[in-house]
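Report on the following structure.
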Amino acid sequence: MSMHHTEKNYQAAASMAWQALDSHYKQMRYLHLRDLFADDPLRGQRLVANAGDIFLDYSKNIITAETMALLVGLAEACHLKQKIAAMFRGDVINVTEQRPALHVALRMPEHAELKLDGINIIPGVHAVLRRMAAFSEQVRQGVWRGYTGKRIRNVVNIGIGGSDLGPVMAFEALRHYSQRDLAFHFISNIDGTDFQEVVGRLSPDETLFVVCSKSFSTLETMTNAQSARQWLVAKMGSEAAVAKHFVAVSTHAEAVAQFGIAPHNMFEFWDWVGGRYSLASAIGLSTMIAIGPDNFYALLAGFYGMDEHFHTAPLAENLPVILGLLTIWYNNFFGAQTLAVLPYDQYLKRFPAYIQQLAMESNGKQVTVDGSVVNYQTSPIYWGEPGTNGQHSFFQLIHQGTKLVPCDFIGFCQSLNPLGNHHDLLMANFFAQSESLAFGKTAQEVKADGVLDHLVAAHVFPGNRPSNTLLVKCLTPATLGQLLALYEHSVFTQGAIWNINSFDQWGVELGKVSAQRIYNELQHADPVLAHDSSTNSLIDRYRQMK
Ligand code: F6P
């Protein structure tokens, strides 16, 4: 069959699958979760799935078995299986940058083989991991000393985007497993406040900077790293101190050397690892120093377990596929604009921010892989806060507002900090929220509580607000790895169905270039401003007031 025919068949099959779902949606939108549960007493046992240590209950979604079958049909029509295989094979799926997206290679065991241009890349991955492990142990055990001979007490990760959110999220998530005589800090923002508030409290002779940047040219990171270097050299009185207090993580050895960090203090990764997919690479160095190599390897094994599940499980039982398809269901049929990620665990406080970059930088796109403009919605807005804090702020809107906000509830059966009845209270709220969202409270039930007639309407909860529940025994490095890979592959599934490139991010470029030009205009009063009237007068006002 010619390429042309294959492409036409693909489009025809995909469009039939979309249409079938659209007609199905027109019936489903009138159903209520109350009725779906009443009609099938086993629904809560039926619409569940398992992978590794993660249990997913997706029964509180506005779906039937037919919905799932149609969604899986859509995935098949969009060649999801073939696209998964292409990613794991190392095909050039990031077409605009002409690269594979091989973060899954970072998690493969040492004996695995994955060839890129005829060369097995797995030994290189493990060689870097071994160097990271050796270095981490030196810092953890106090063998690595600062310039004046003192042991390192502070590790400061300097990076932004994937070179920050991964490290900070993982450190916070696994803080319980971290070595407590080391303190970890993160500087990302170009706002000098971020730098001052971290560095102002540290002794330079006990501080190690880990400069993380895939490109080693990102303005924020380079500016913060230069300031850190100046601060260190000024305090220590010698350029020679840099070698003992700076290491780099990058794909760009030359730029690292130019900055003044020697090659033996650089930990390498590769252009086939996207920034937001890089935590399992050397970008995880600060995490490894915090939790130790064994725990870091357990994190990788967790990722790998979910990778294997995604790679091999049938679509209908595949956790990331199910999550991805449900996101499509609400985003493209119900018109939901957002998705709330709600971890009921304080350690996961940066998890929603991490998932936000993962999903929105990957799938916030308007053209397909072949460059045509889409005529359907792509990524929803991901957002969230840890429970129960969210309940006392934005949950009002989720329960009674006019917008549909599908929710992912993430909870753990065991607390890492058992304290009286705290954990049962936390989890009582966890279960109560998804139950209330789904089933609500009718006017009749409100009246039966004795609420005055004129107040009944305000007390009604419409319910039928969908959610997923992810329930895990305990937050460990391995279960964190599984959760992260679960979301990565859900994002992949969505991108595959929208037929977009989830691995580039051209949308961040325009503002970067414009900022360079404006920066020059802020340095001197004379350049004539040639922006629009709004930008011109804002810059003028700033120049006068600075
Ligand atoms: O914001 C764009 C971006 O390229 C992200 O994709 C990336 O995570 C971040 O900047 C940092 O890039 P780098 O690691 O090259 O400094």
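Both backbone and side-chain heavy atoms feed into the values below; hydrogens, waters and symmetry mates do not. For ligands, and for the atoms within them, numbers begin at 1 and follow the listed sequence.
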Students often mix this up, so state it plainly: with edges at 30° and 60°, are the rings of Phe88 and Phe310 parallel, tilted or perpendicular? tilted

Proximal ligand 1 atoms for Gly161, defined as those under 4.0 Å from one of its heavy atoms: 8 (O)

Quick check: Lys512 and ligand 1, any N/O pair under 3.5 Å apart? no

Tell me, which protein residue and heavy-atom name are nearest atom 9 (C) of ligand 1, and how many Å apart are they? Ile160 O, 3.6 Å

I'd like to check whether Gly275 has a polar contact with ligand 1, where a contact means an N/O of the residue lying under 3.5 Å from an N/O of the ligand. no

Could you check atom 8 (O) of ligand 1 against the protein and tell me its nearest heavy-atom contact, residue, atom and distance included? Gly162 N, 2.7 Å

Measuring from the heavy atoms of Gln357, does anything fall under 4.0 Å of ligand 1? yes

Give the residue and atom name of whichever protein heavy atom lies nearest to atom 15 (O) of ligand 1, and the separation in Å to one decimal. Ser215 OG, 2.7 Å

Atoms of ligand 1, numbered as shown, that sit under 4.0 Å from any heavy atom of Thr218: 12 (O), 13 (P), 15 (O), 16 (O)

Carboxylate-amine/guanidinium contact Glu308 Arg107, below 4.0 Å: no

Check: Tyr330 and Leu339 side chains under 4.5 Å, non-hydrogen atoms: no

Are the charged groups of Glu361 and Arg276 less than 4.0 angstrom apart, N to O? yes

Measure from atom 5 (C) of ligand 1 to every heavy atom in Glu509, Glu361, Gln505, His252 and give the option owning the shortest one. Glu361

Asp181 versus Gln179, side-chain donor and acceptor atoms under 3.5 Å: yes

Side-chain touch Ser178/Phe171, heavy atoms, less than 4.5 angstrom: yes

Given the ring of Trp144, does Lys244 sit roughly above its face, with NZ or CZ under 6.0 Å from the centre of the six-membered ring and within 45° of the axis? yes

